[in-house]
Protein chains: 2
Amino acid sequence: MQEFTGDELSSRKAEFLKYIHMQGNVVKTTEIAAHFSVAPSTATKALGEIAKAGYIEHTPYHGVKMTTLGTDYARFLIRRHRIVALVLSRYGLEPDEACREAKKIEQCISRDLTNRMCMSLGHPMMSGCGEIEHDHCCCCPAGDRQG
Amino acid sequence: MQEFTGDELSSRKAEFLKYIHMQGNVVKTTEIAAHFSVAPSTATKALGEIAKAGYIEHTPYHGVKMTTLGTDYARFLIRRHRIVALVLSRYGLEPDEACREAKKIEQCISRDLTNRMCMSLGHPMMSGCGEIEHDHCCCCPAGDRQG
DNA sequence: CTAAATTTTAGACTCTTACCAAATCCGAAA
DNA sequence: TTTCGGATTTGGTAAGAGTCTAAAATTTAG
């Protein structure tokens, strides 16, 4: 597993990457632009930069596809999001609120802090946003996991 | 109490404001520049913008002083910082780590979320960074406060 | 095979943070 | 009181991130 810090991509690009990952397969520029309500050229530029960093493969005029590195990173980003949302839900936020607030906060949470919160929560399997993966979680011997 | 959202100043300017508040009285440009390790001109520019927004009074060549608005805002910023640090400390971070991480996160935490965390924690009086003020806290009837 | 739709390129703008160099101001020493 | 020197401000420049419009390029559908 790569040693991501959580800082590799700007928060905007990280959102793009998560979206591409969650779509699976090839995603078109227009689809991303529409989803994030930005001009297609804005998406193209961001995609080019994400590709240059190695997280996606961009075939001009044909769309983008996750690389192995990108997939690993996206899984970390999603895990982080869900852990942050879960933390927030412990302070009385409803699942959708927790998810919304988590989106604003997560980019400031390092991988290390993510892991520590995960550990402190007993390696939870679920958050309001979905399942939390622990496959590559350095801090999670299987025996520790919560049912 | 003003209806701050927590978004009024960029995080850098908010750090400047907190510093000025904590110094009390008039603070000189050089002192701020030195504290944050930036060129004096960088401080001057930021100070001018913070002043334009009404949080400080800037007398050119003589330094800056908090306004009432700025004081209220700084107190909110400090309260937010301490609440965030307290939350982090509940996930196993030592006080100094919690404080360091809180600095990175707090600017993404809205006033509303701050208040909800505060409430959920039972309106705590202390965090590892110092006392938590509740004077102007909309969510804190005196009876709710934790000893 | 051409026209419409999609995508990319190019150029420009905003915002935040930052720096340097030059001009300006203030105060203290003489 | 005059002047020198340190403190401060001004003005210009830069980089990174995100955004847009308009025009060019490519793909695709009729």
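Worth saying up front: this structure is predicted, and the values here are computed from it rather than measured. Chain identifiers are assigned alphabetically (A, B, ...) following the order of the sequence lines, protein sequences preceding nucleic acid strands; residue numbering begins at 1 within each chain.
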Task: salt bridge (charged side-chain N to carboxylate O under 4.0 Å, His left out) partners of residues 100-110 of chain B, not counting sequence neighbours, each pair once - done: B:Lys18-B:Glu106, B:Asp96-B:Arg100, B:Glu101-B:Lys104

- [ ] State which residues pass ring pair (Phe, Tyr, Trp, His ring centres under 6.0 Å) with B:Tyr61; sequence neighbours excluded, sorted by chain then number.
- [x] none

Whole angstrom is fine here: how far is it from [atom1] in [X] over to [atom2] in [N]?
X: A:Ile50; N: D:dG18; atom1: CD1; atom2: P; answer: 9 Å
X: B:Asp7; N: C:dC15; atom1: CG; atom2: P; answer: 15 Å
X: A:Glu31; N: C:dT8; atom1: CD; atom2: P; answer: 13 Å

Open item on the list: Can you tell me how the ring of B:Phe4 sits relative to the ring of B:Phe76, calling it parallel under 30°, perpendicular over 60° and tilted otherwise?
Closed with: parallel

Task: Short side-chain N/O contact from A:Thr44 to OP1 or OP2 of C:dT9, under 4.0 Å - done: no

TODO: Spell out, yes or no, whether A:Ile78 and A:Leu69 are grouped together once hydrophobic residues are joined by side-chain heavy atoms under 4.5 Å, including indirect joins.
DONE: no

Task: Residue pairs, two or more places apart or on separate chains, that pass side chain to side chain donor-acceptor pair (under 3.5 Å) and touch residues 31-50 of chain B - done: B:Lys13-B:Glu49, B:Tyr19-B:Glu31

Open item on the list: Would the distance check show the side chain of A:Arg111 and the main-chain N or O of A:Gly6 forming a donor-acceptor pair, the cut-off being under 3.5 Å?
Closed with: no

Open item on the list: If we ignore hydrogens and angles and just use 3.5 Å, is the side chain of A:Ser89 paired with the main-chain N or O of A:Ala98 as donor and acceptor?
Closed with: no

Task: Nucleic acid contacts - residues 53-64 of chain A versus DNA chain C, non-hydrogen atoms under 4.0 Å - done: A:His58, A:Pro60, A:Tyr61

- [ ] Not counting sequence neighbours, which residues clear side chain to side chain donor-acceptor pair (under 3.5 Å) with A:Thr59? List them please.
- [x] none

For nucleotides 16-21 of chain C, which of its nitrogen or oxygen atoms have a protein nitrogen or oxygen under 3.5 Å away, and what is each distance?
from, atom 1, to, atom 2, distance (Å)
C:dT17, OP1, B:Ser10, OG, 2.7
C:dT17, OP1, B:Arg12, N, 3.2
C:dT17, OP2, B:Ser10, OG, 2.9
C:dT17, OP2, B:Lys13, NZ, 3.4
C:dA18, OP1, B:Arg12, NE, 3.1
C:dA18, OP1, B:Arg12, NH2, 2.7
C:dA18, OP2, B:Arg12, NE, 3.0
C:dA18, N6, B:Lys45, NZ, 2.8
C:dC19, OP2, B:Ala39, N, 2.8
C:dC19, OP2, B:Thr42, OG1, 2.7
C:dC20, N4, B:Ser41, OG, 2.5

